[in-house]
Amino acid sequence: MKYSNIILGILFCATVATASPVEALYSSSRLIQLSDDKQEWMSESQILNLISNKVRFRDVTDFHSAPQPKDFVIQNTAFPSTLTHQSQVSKILPKVSEDTPRLVLAEFTKFPNRYYNSQNGKKSSEWLLNTIKQLIPGVNATLFNHRFPQSSVIVHIEGSQAPNEIVIISAHQDSINLNNPSTGRAPGADDDGSGTVTILEALRVFSQSNLKPKRSVEFHWYAGEEGGLLGSADVSKTYSSKAVVADLHFDMTGYPMDPPAVGIVTDYTDPDASNLVRKIVLAYTDLP
């Protein structure tokens, strides 16, 4: 689990509300961001058509535009330029195993799909919450409810020195069938079951380490990513007044590449944070 090693490296460099319940998600048209300068109001069928045709988009209805920096509390964080906690990380890395991720993923992919706007999505998110609680007794884990059936899942670890500052480790939990988005079979083992179990394994190992992060750390499993980043948009709107230092997101960590590699997305990200991730990848994995 090379990506879990990366998360454990990140952790040493660093009461959840819910979205207000309103009418059903697609009871009216949604504002869809298709590019930096193009938006359209679309129905559910039009949005599902975008998904089927693999068109990238964001649902920005509740922002009425893509969220801008002015909408959030901006943390002027100086990211470390060197790694200084190798000894602590090295002690717990041997505890990282593929066993738990494989077992959890095998059960997670038994849902016909994890479509966010369905009962399968709802049940899978509830199953994920219960699984986290079973694996990590006493963990502070809650559901973050949305206007669609599937909930996001959030785990909070209180910081010892700067509890009001938050580092987020995230993945998305939903899956979708591109040809038949609402009801088609979509086990989603890679997209994004792999990211889901990657951050869960990092949480499991870190929770057993008895180490305390200086900042608060949260693990987020977002609902509705395939519908245009719906779940993370709801969470970010609620968190807009919170001091979020960084969010490291893991998506399709099981994607087969030859040779294996770690892909780091650099658009719309902080370059110093990306450089820190690169250093962690080189230090704690044998992947380029």
Side-chain angles (χ1 to χ4, degrees), residues 1-4 6-7 32-33 47-59 98 100-129 131-132 146 148-154 168-203 219-235 247-258 260-269 277 281 287:
M1 296 297 293
K2 302 297 185 182
Y3 283 91
S4 296
I6 297 169
I7 299 171
I32 302 301
Q33 187 99 26
I47 294 170
L48 294 181
N49 188 58
L50 291 178
I51 295 172
S52 296
N53 286 287
K54 301 181 181 180
V55 177
R56 294 181 179 274
F57 68 95
R58 295 178 66 187
D59 187 323
E98 292 186 3
T100 298
R102 286 182 179 275
L103 289 172
V104 172
L105 189 58
E107 294 300 315
F108 202 43
T109 54
K110 287 182 180 179
F111 290 94
N113 59 55
R114 300 188 299 277
Y115 179 56
Y116 58 93
N117 200 34
S118 73
Q119 286 303 301
N120 284 324
K122 173 180 171 62
K123 292 176 182 178
S124 62
S125 60
E126 293 171 346
W127 180 90
L128 179 59
L129 174 68
T131 297
I132 293 169
H146 304 284
F148 47 93
Q150 188 175 54
S151 298
S152 294
V153 179
I154 294 179
I168 297 173
I169 309 295
S170 63
H172 76 89
Q173 56 172 290
D174 58 315
S175 67
I176 200 164
N177 183 306
L178 295 180
N179 295 319
N180 185 358
S182 58
T183 60
R185 172 78 173 137
D190 185 24
D191 189 11
D192 186 26
S194 60
T196 292
V197 299
T198 291
I199 70 171
L200 176 55
E201 177 64 3
L203 171 62
F219 286 76
H220 292 193
W221 289 266
Y222 295 125
E225 188 266 1
E226 303 288 2
L229 310 181
L230 291 167
S232 57
D234 279 346
V235 173
D247 183 348
L248 182 63
H249 189 78
F250 289 79
D251 201 343
M252 297 177 69
T253 59
Y255 188 80
M257 297 184 67
D258 187 16
V262 175
I264 300 174
V265 176
T266 57
D267 58 328
Y268 301 100
T269 61
V277 173
V281 170
L287 302 177

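In this text, all values refer to a predicted model and were calculated from it rather than measured experimentally. Values below: all heavy atoms of this structure, side chains included; hydrogens, waters and symmetry mates excluded.
- Contact of the Leu200 side chain with the Thr196 side chain is not registered, since no non-hydrogen atoms from C-beta on lie closer than 4.5 Å.
- How far OG1 of Thr183 is from CG of Asn177: 8.0 Å, rounded to the nearest 0.5 Å.
- Interatomic distance, OG of Ser152 versus CG of Leu129, reported as 11.5 Å (0.5 Å rounding).
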Assess whether side chain to side chain contact (heavy atoms under 4.5 Å, CB included) is satisfied between Tyr255 and Asp191, documenting all intermediate values. CA-CA 8 Å; Tyr255 188 80; Asp191 189 11; over 6 Å; no

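- Qualifying salt bridge (charged side-chain N to carboxylate O under 4.0 Å, His left out) partners for Arg102, counting only residues two or more places apart in sequence or in other chains: Glu98.
- Rounding to the nearest 0.5 Å gives a distance of 8.5 Å between CG of Asn113 and CD1 of Ile176.
- Taking every heavy atom of both residues into account, Ser175 and Ala186 meet most closely at OG-O, 2.7 Å.
- Of the possible polar contacts, none joining the Thr109 side chain to the Pro187 backbone as a donor-acceptor pair under 3.5 Å is found.
- Of all heavy-atom pairs between Ala261 and Met257, the closest is O-SD, 4.2 Å.
- When every heavy atom of Gly231 is checked against every heavy atom of Tyr222, the shortest pair comes out as C-CD2, 4.2 Å.
- In this structure, Gln150 contributes its side chain and Ser124 its backbone to no donor-acceptor pair below 3.5 Å.
- Side-chain atoms of Asp190 and Ser194 include a donor-acceptor pair closer than 3.5 Å.
- Between atom OG1 of residue Thr253 and atom CD1 of residue Ile199 there is a gap of 9.5 Å, rounded to the nearest 0.5 Å.
- Listed by chain and residue number, Tyr116, His146 satisfy the ring-ring contact (aromatic ring centres under 6.0 Å, His included) test with Phe148 (two or more places apart in sequence, or in another chain).
- Each salt bridge (charged side-chain N to carboxylate O under 4.0 Å, His left out) pair with one or both residues in residues 108-118, not counting sequence neighbours, appears once here: Glu107-Lys110.
- With sequence neighbours left out, the salt bridge (charged side-chain N to carboxylate O under 4.0 Å, His left out) criterion links Asp59 to Arg30.
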Assess the residue pair Trp221 and Asp192 against the criterion (side chain to side chain contact (heavy atoms under 4.5 Å, CB included)); give the C-alpha distance rounded to whole Å, side-chain angles, the decisive distance to 0.1 Å, and a yes or no. CA-CA 10 Å; Trp221 289 266; Asp192 186 26; over 6 Å; no

Set out, in order, the CA-CA distance, both residues' side-chain angles and the distance that settles side chain to side chain contact (heavy atoms under 4.5 Å, CB included) for Thr100 and Val104, then state yes or no. CA-CA 6 Å; Thr100 298; Val104 172; 4.0 Å; yes

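- How far CG of Leu105 is from OG1 of Thr198: 9.0 Å, rounded to the nearest 0.5 Å.
- For the atom pair CG of Leu230 and CG of Asn117, the computed distance is 9.0 Å after rounding to the nearest 0.5 Å.
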Kindly determine whether Val235 and Ile168 satisfy side chain to side chain contact (heavy atoms under 4.5 Å, CB included), including the steps that lead there. CA-CA 11 Å; Val235 173; Ile168 297 173; 5.8 Å; no

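- Residues that satisfy the ring-ring contact (aromatic ring centres under 6.0 Å, His included) test with Tyr115, not counting sequence neighbours, are absent from this structure.
- With sequence neighbours excluded, the residues forming a side chain to side chain contact (heavy atoms under 4.5 Å, CB included) with Leu229 are Arg58, Glu225, Ser232, listed by chain and number.
- Shown here for Phe111 and Arg185, the closest heavy-atom pair between the two residues is O-NH1, 2.7 Å.
- The shortest side-chain heavy-atom distance between Val262 and Val277 does not fall under the 4.5 Å cut-off.
- Of all non-hydrogen atoms in Gln173 and Ser125, the two that sit nearest each other are OE1-CB, 3.1 Å.
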